[in-house]
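In each ligand, atom 1 is the first atom listed, and ligand 1 is the first ligand listed.
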Amino acid sequence: MVATPVLPLEPATPAHICPFDQACSYLEAAAKELKLDAGILEILSHPRKVVTVSIPVRLDNGEIRVFAGHRVQHSDILGPYKGGTRYHPDVTLREVSALAMLMTWKCALLGIPYGGAKGGIAIDPKQYSVSELERITRRYTSELIKDIGPSVDIPAPDVGTSAREMAWMMDTYSMNVGHAVPGVVTGKPISVGGSRGREMATGRGTMIIVREALADRGKSLAGVRVAIQGFGNVGMAAAELLHEAGAIIIAVSTSSGGIYSETGLDIPALKAYTAKNHRSVLGFPQTVPISNADLLTLPCDVLIPAALENQITQENVNQIQAHIVAEAANGPVTLEANQALEARGVVVLPDILANAGGVVVSYLEWVQGLSYLFWDEERVNREMENLMVNAYRQVMEQSQKRQITLRLAAYTLGVGRVAQALSDRGLYP
Ligand SMILES: NC(=O)C1=CN([C@@H]2O[C@H](COP(=O)(O)OP(=O)(O)OC[C@H]3O[C@@H](n4cnc5c(N)ncnc54)[C@H](O)[C@@H]3O)[C@@H](O)[C@H]2O)C=CC1
Ligand SMILES: O=C(O)CCC(=O)C(=O)O
């Protein structure tokens, strides 16, 4: 299904797999399974608010450049809008709209009291100095000042951003309103009210979901062979925690290419190496280089795409050899590829479950901030683990009860809860 164009979306090019159209197709499948009222489906197919801003910034060389920034607020039926902020050259309004919709279902599935949003700036952050990035982030935040807030919309990190950008956003928002407002963003540094455990949270959540899926098949993480695409915040944390649990990480990659080791990578040593090597994994001793495309088709037990959308497509799906695909990234498997994997019996652990650890700990950070109480890491991890395992079990039960795929099961749970709340609150007049 393609939603009627209420949104000022740029046209989708036929060659491009449009993430927003894909997100709408998943929503429609869930609505069909749930026999949702057509009016509810129509409401949920559109973001509630779309903000696009110009970000004029003076670069270090004196030149003025204007960047395009977006914030899409899909739904606040269950609570304040919530979702990350992406800095990447391919950011478009369609992509941000799709990611905002995913956030709505993800928060509902996990049972945390948020709606869904996402933001982004079309920029390659690697091309700019730290002070340029700070000016860009501060101007973007100022432009959004009326649209965000601790009970309105709470940004967090995503691709190309981290705790550093969240601290700048928090500071800019606070300067504008005249007092410190730590709750306006999550994923902040601990020094300004961040939570212990947030940095590792998305990767930890992925590890937990993979562990549970293996346990259901009578296996443990020990000795399982894993390939991970993307070695940023999420991929690196997942690699570290899986390695700690005894899994053998045979390959990882970044945008500059990947590395392979038949006997498994020493992840702590690799982490230290990338910190000194401009985040690239290339050249790590006793490994062979591997392309991002080849990494995806390696023989392995678990494949974890942890980079960007549309990595497993109709073109490469028949070469995928993993038995489990855990979507640490948002939307890494296209609609057609997902159908092909499921038809072959490959277990696809869907993004709105497999990468929910990040927003869960964002929620715990927000709760700690609002109550002025800060927990130790063990407590944060324990609370997160409970929410993740609980959601995993609900998805499994739903899948068995309705005889549907894990993705459709996760969607029916998330969409169903939002639809129920929408109808209980009363449909828009
Ligand atoms: N940061 C978070 O807490 C959360 C992130 N996610 C999702 O996880 C994914 C990764 O996000 P982060 O790790 O935060 O981003 P990041 O910016 O920290 O890392 C991204 C990684 O992907 C690599 N990469 C970029 N393009 C690539 C390509 N074409 N092929 C292979 N690798 C490529 C980069 O080099 C980098 O290693 C995204 O889909 C994001 O939406 C989902 C939930 C929460
Ligand atoms: O931590 C958050 O609030 C959002 C994380 C995010 O952007 C995501 O789950 O895709």
Heavy-atom contacts under 4.0 Å between Asn330 and ligand 2: side chain, backbone, both, or neither?
side chain

For atom 15 (O) of ligand 1, grab the closest protein heavy atom and report residue, atom and distance to one decimal in Å.
Val159 CA, 3.4 Å

Between Trp105 and Tyr26, ring centroids under 6.0 Å
no

Pick one of side chain, backbone, both or neither for how Arg198 approaches ligand 1, counting any non-hydrogen atom pair under 4.0 Å.
side chain

Please write down residue, atom name and distance for the protein heavy atom closest to atom 38 (C) of ligand 1.
Ala307 O, 3.0 Å

Hey, are Ser371 and Gln368 close enough side-chain-wise for a donor-acceptor pair under 3.5 Å?
no

Atoms in ligand 2 flagged as close to Ser362, the criterion being non-hydrogen separation under 4.0 Å
1 (O), 2 (C), 3 (O)

Do Asn233 and ligand 1 have an N or O pair less than 3.5 Å apart?
yes

Residue, atom and distance of the protein heavy atom nearest atom 17 (O) of ligand 1 read Gly160 N, 2.9 Å

How close does the nearest protein non-hydrogen atom get to atom 37 (O) of ligand 1, and which residue and atom is it?
Phe231 N, 3.1 Å

For atom 32 (N) of ligand 1, which of Leu99, Thr254, Asn330, Thr186 has the closest heavy atom?
Thr254

Does any donor atom in the side chain of Asp158 or Thr85 lie under 3.5 Å from an acceptor atom in the other side chain?
no

Ignoring hydrogens and angles, write down the donor-acceptor pairs under 3.5 Å from the side chains of residues 412-421, residues two or more places apart or on other chains.
unit_1 : atom_1 : unit_2 : atom_2 : d
Thr412 : OG1    : Gln398 : NE2    : 2.9
Thr412 : OG1    : Leu408 : O      : 3.0
Thr412 : OG1    : Ala409 : O      : 2.8
Arg417 : NH1    : Ala108 : O      : 3.0
Arg417 : NH1    : Leu109 : O      : 2.9
Arg417 : NH2    : Gln394 : OE1    : 2.5
Gln420 : NE2    : Asp424 : OD1    : 3.0
Gln420 : NE2    : Asp424 : OD2    : 3.3

Judged by non-hydrogen atoms, does Gly358 sit under 4.0 Å from ligand 2?
yes

Sub-4.0 Å atoms of ligand 2 with respect to non-hydrogen atoms of Lys106:
8 (C), 9 (O), 10 (O)

Per atom 5 (C) of ligand 2, closest listed option by heavy atom (Glu365, Arg198, Lys82)
Arg198

Side chain or backbone of Glu309 under 4.0 Å from ligand 1, or both, or neither, by non-hydrogen atoms?
neither

For ligand 1 and Val234, I'd like to know whether there is a polar contact (N/O to N/O, distance under 3.5 Å).
yes

Is the shortest N/O to N/O distance between Asp158 and ligand 1 below 3.5 Å?
yes

Ligand 2 to Ile154 polar contact by distance, N or O atoms, under 3.5 Å:
no

Mind checking whether Asn355 has an N or O less than 3.5 Å away from an N or O of ligand 2?
no

Would you call Arg211 and Glu385 a salt bridge, using N to O less than 4.0 angstrom?
yes

Compute the shortest N/O to N/O distance between Lys106 and ligand 1 and return yes if it is under 3.5 Å, no if not.
no

protein heavy-atom neighbour closest to atom 44 (C) of ligand 1 works out as Thr202 OG1, 3.3 Å

Closest non-hydrogen atoms of Tyr140 and Gly120, given as atom of the first, atom of the second and distance, are OH-N, 3.4 Å

Honestly, for Asp158 the part within reach of ligand 2 (heavy atoms, under 4.0 Å) is side chain

Among all protein heavy atoms, pick out the one at the shortest distance from atom 25 (C) of ligand 1; state its residue, atom name and that distance to 0.1 Å.
Ser255 CB, 3.8 Å

When you measure from atom 20 (C) of ligand 1 to each heavy atom in Ala328, Gly232, Gly235, which option holds the nearest one?
Gly232

